[in-house]
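Here the structure is laid out as structure tokens; the discussion comes afterwards.
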Amino acid sequence: MAEPLILWFRRDLRLGDNPVLAAALATGRPVVPVFVLDPETEALGAAAKQRLQMALAAFAAALQGVGSRLILRRGPALEVLERLVEETGAAGVMWSRAYDATSRVRDQVVKAALKARGLLAESHAGFVLHEPWTVETGQGGPYRVFTPYWRAVRALPVAPELPAPVHLPGPERWPDSAALADWNMTCDMQRGAVVLARWQSSGEGAALDRLAGFAEDRMAAYAARRDFVAEDATSGLSEHLTYGEISPRTLWHRGRRAMEEGNPGAETFLKELVWREFAWHLMYHYPELGQDNWKADWNAFPWRGDNADAEKWRRGLTGEPLVDAAMREMFVTGRMHNRARMIAASYLTKHLLTDWRVGLDWFAECLTDWDPAANAMGWQWVAGSGPDASPYFRIFNPATQAEKFDPEGRYRRRWIAEMTRNPGAEALSYFDAVPKSWGMDPAAPYPMPLIDLAAGRERALEALKQGKS
DNA sequence: TTCGACTTCAC
DNA sequence: TGAAGTCGA
């Protein structure tokens, strides 16, 4: 039997349309699928880590369905992979590319070390539609504004999807695997069964079902309804994309097909997919996007660091119902509606003048669809330090937004027990989920607003006038 | 160099 | 309607 290949899975936990999997199969070698819980992955937020565990469980089952296994190992990636190569006599390692700075540094070290030992070390595309360096402006160089990027990407060909293998040849002797349960990936996430029960199911099958349901039932109304925060009008596909349970290519082709069929929501859906793409384009070309102001003239802005108001924001106690509803939804479900994210982020950075990185960190802790690029771009876009062609200081008014996008107050009532006489299960579940130390009580009066909205707006505008160099 | 255009707004 | 910078062809 030929020497096996190690297939290092990371954010591509699927069998269908997986280029590196197809490439490994094409070699004719036995394949040893492995997931490495390395220090970089252990640093994930509580919700993302919990969600990753669910993704891994689903993917391991899917691999068993094609006669294979998922080998689980813990430790620094290079160390683990070198040991596995020795144990299995593998010819080398293949993986799908990642584009954030931490992963790129890690992967370069791994690739160089494996190659130095004469082993095969290959990275493949698959996490984005277009490799970030292949999309350039007319002058050469990365795009910095979404619309021109969209116009460029819209016209580009996208290769067809690859079929999922029906059988994945394995080695004669399988190496040992850790048990997923022993990794305790849920231990940071002590929010009770009520939280878990509400989470979307995980895995490639669930992702494909979700896409089919969306395309069938909701895509047509997507452009018109997606901003209404109380409705289930969004695709809900972000967390599947985050773990690679579905490929962006699959979404792209489904969207294009719908467009050709005249589906009125299809183009908006494709645009949203390309926003994710744009975020990774930016992160690849500006690796510090998650740490530094993208526009350097914001470095002088007098952001407040973490503070007592920010803590109230995290706990959903700002006294702005829409903001609090959003924060509570995220804490309980690991999800937050897209528009609610912008409103909550604007409130923290503008009305509370708090550094966008404080908000970014909390989202990283709480979101099951945590994506470093999308969040870095999104937070900087709201803060004003990021890519945004509009020059004015963007300040959302949470009350105005509530009137527009939650006109009947359904979303606010769903998540804020203090606002209703007979709070529902969602609103009450928040009080079960929060740490006892927060002292939350559904019978307590709803808090007064932290700051008058008009005064907060004026203060932010004043800070902008003074603060930017 | 010029010039049209720029996700999601607030008042 | 404001207030106004720079991206990209």
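Not measured: the values here are computed from a predicted model. Numbered from 1 within each chain, the chains take letters A, B, ... in sequence-line order.
In this structure, A:Ile343 places its CD1 atom 9 Å from C1' of B:dT8, rounding to the nearest Å. If you measure from atom CH2 of A:Trp294 to atom P of C:dC7, you get 7 Å, rounded to the nearest angstrom. Atoms CG (A:Asp388) and C1' (C:dT6) sit 12 Å apart, rounded to a whole Å. Taking atom CD1 of A:Ile395 as the reference point, atom P of C:dA3 lies 14 Å away to the nearest angstrom. For the pair A:Trp379 CH2 and B:dT8 P, the computed distance is 18 Å after rounding to whole Å. Atom pair A:Trp381:CH2 and C:dC7:P shows a separation of 18 Å (rounding to whole Å applied). One atom, CZ of A:Arg151, and another, P of C:dA9, lie 9 Å apart when rounded to the nearest Å. Rounded to whole angstrom, the span from the CZ atom of A:Phe146 across to the P atom of B:dT8 amounts to 11 Å.
Side-chain nitrogen and oxygen atoms of A:Arg394 include at least one within less than 4.0 Å of the OP1 or OP2 phosphate oxygen of B:dT8. Note on A:Asn397: every side-chain N or O is 4.0 Å or more away from OP1 and OP2 of B:dC9. Of the side-chain N and O atoms in A:Lys404, one or more sit less than 4.0 angstrom from OP1 or OP2 of B:dA10.
The side chain of A:Arg144 has C:dC7 as its nearest neighbour among B:dA5, B:dC11, C:dC7. Distances were taken from every side-chain heavy atom of A:Thr400 (C-beta onward) to each of B:dA10, B:dT8, C:dG8; the shortest belongs to B:dA10. Closest to the side chain of A:Thr137, out of C:dG8, B:dT8, B:dC11, is C:dG8. Checking C:dG8, B:dC9, B:dC11 against the side-chain heavy atoms of A:Tyr143 singles out C:dG8 as nearest.
Checked against a 6.0 Å centroid threshold, the rings of A:Tyr149 and A:Phe278 count as neighbours. Between A:Trp95 and A:Trp8, the distance from one ring center to the other falls under 6.0 angstrom.
C:dG5 and B:dC6 make up a base pair, with Watson-Crick or G-U wobble contacts both under 3.5 Å.
More than 12 non-hydrogen atoms from other residues, nucleotides or ligands lie less than 6.0 angstrom from NZ of A:Lys111.
With respect to the salt-bridge test (charged N to carboxylate O, under 4.0 angstrom), the residues A:Asp355 and A:Arg304 do not qualify.
Remark: of the listed residues A:Met283, A:His285, A:Glu277, A:His285 is the sole one forming a side chain to side chain contact (heavy atoms under 4.5 Å, CB included) with A:His281.
The same atom, C1', is picked in C:dA3 and in B:dA5; the two are 16 Å apart, to the nearest Å. The C1' atoms of B:dC3 and C:dA4 are separated by 15 Å, rounded to the nearest whole Å. Comparing the same atom, C1', in C:dT6 and in B:dT1 gives a spacing of 14 Å after rounding to whole Å.
Residue A:Gln139 is classed as a base contact, given a heavy-atom separation below 4.0 Å to a base. Using a 4.0 Å heavy-atom cutoff across all strands shown, A:Glu272 reaches at least one base atom of the nucleic acid.
Taking OG of A:Ser429 as the start and CD of A:Glu329 as the end, the distance is 10.5 Å to the nearest 0.5 Å.
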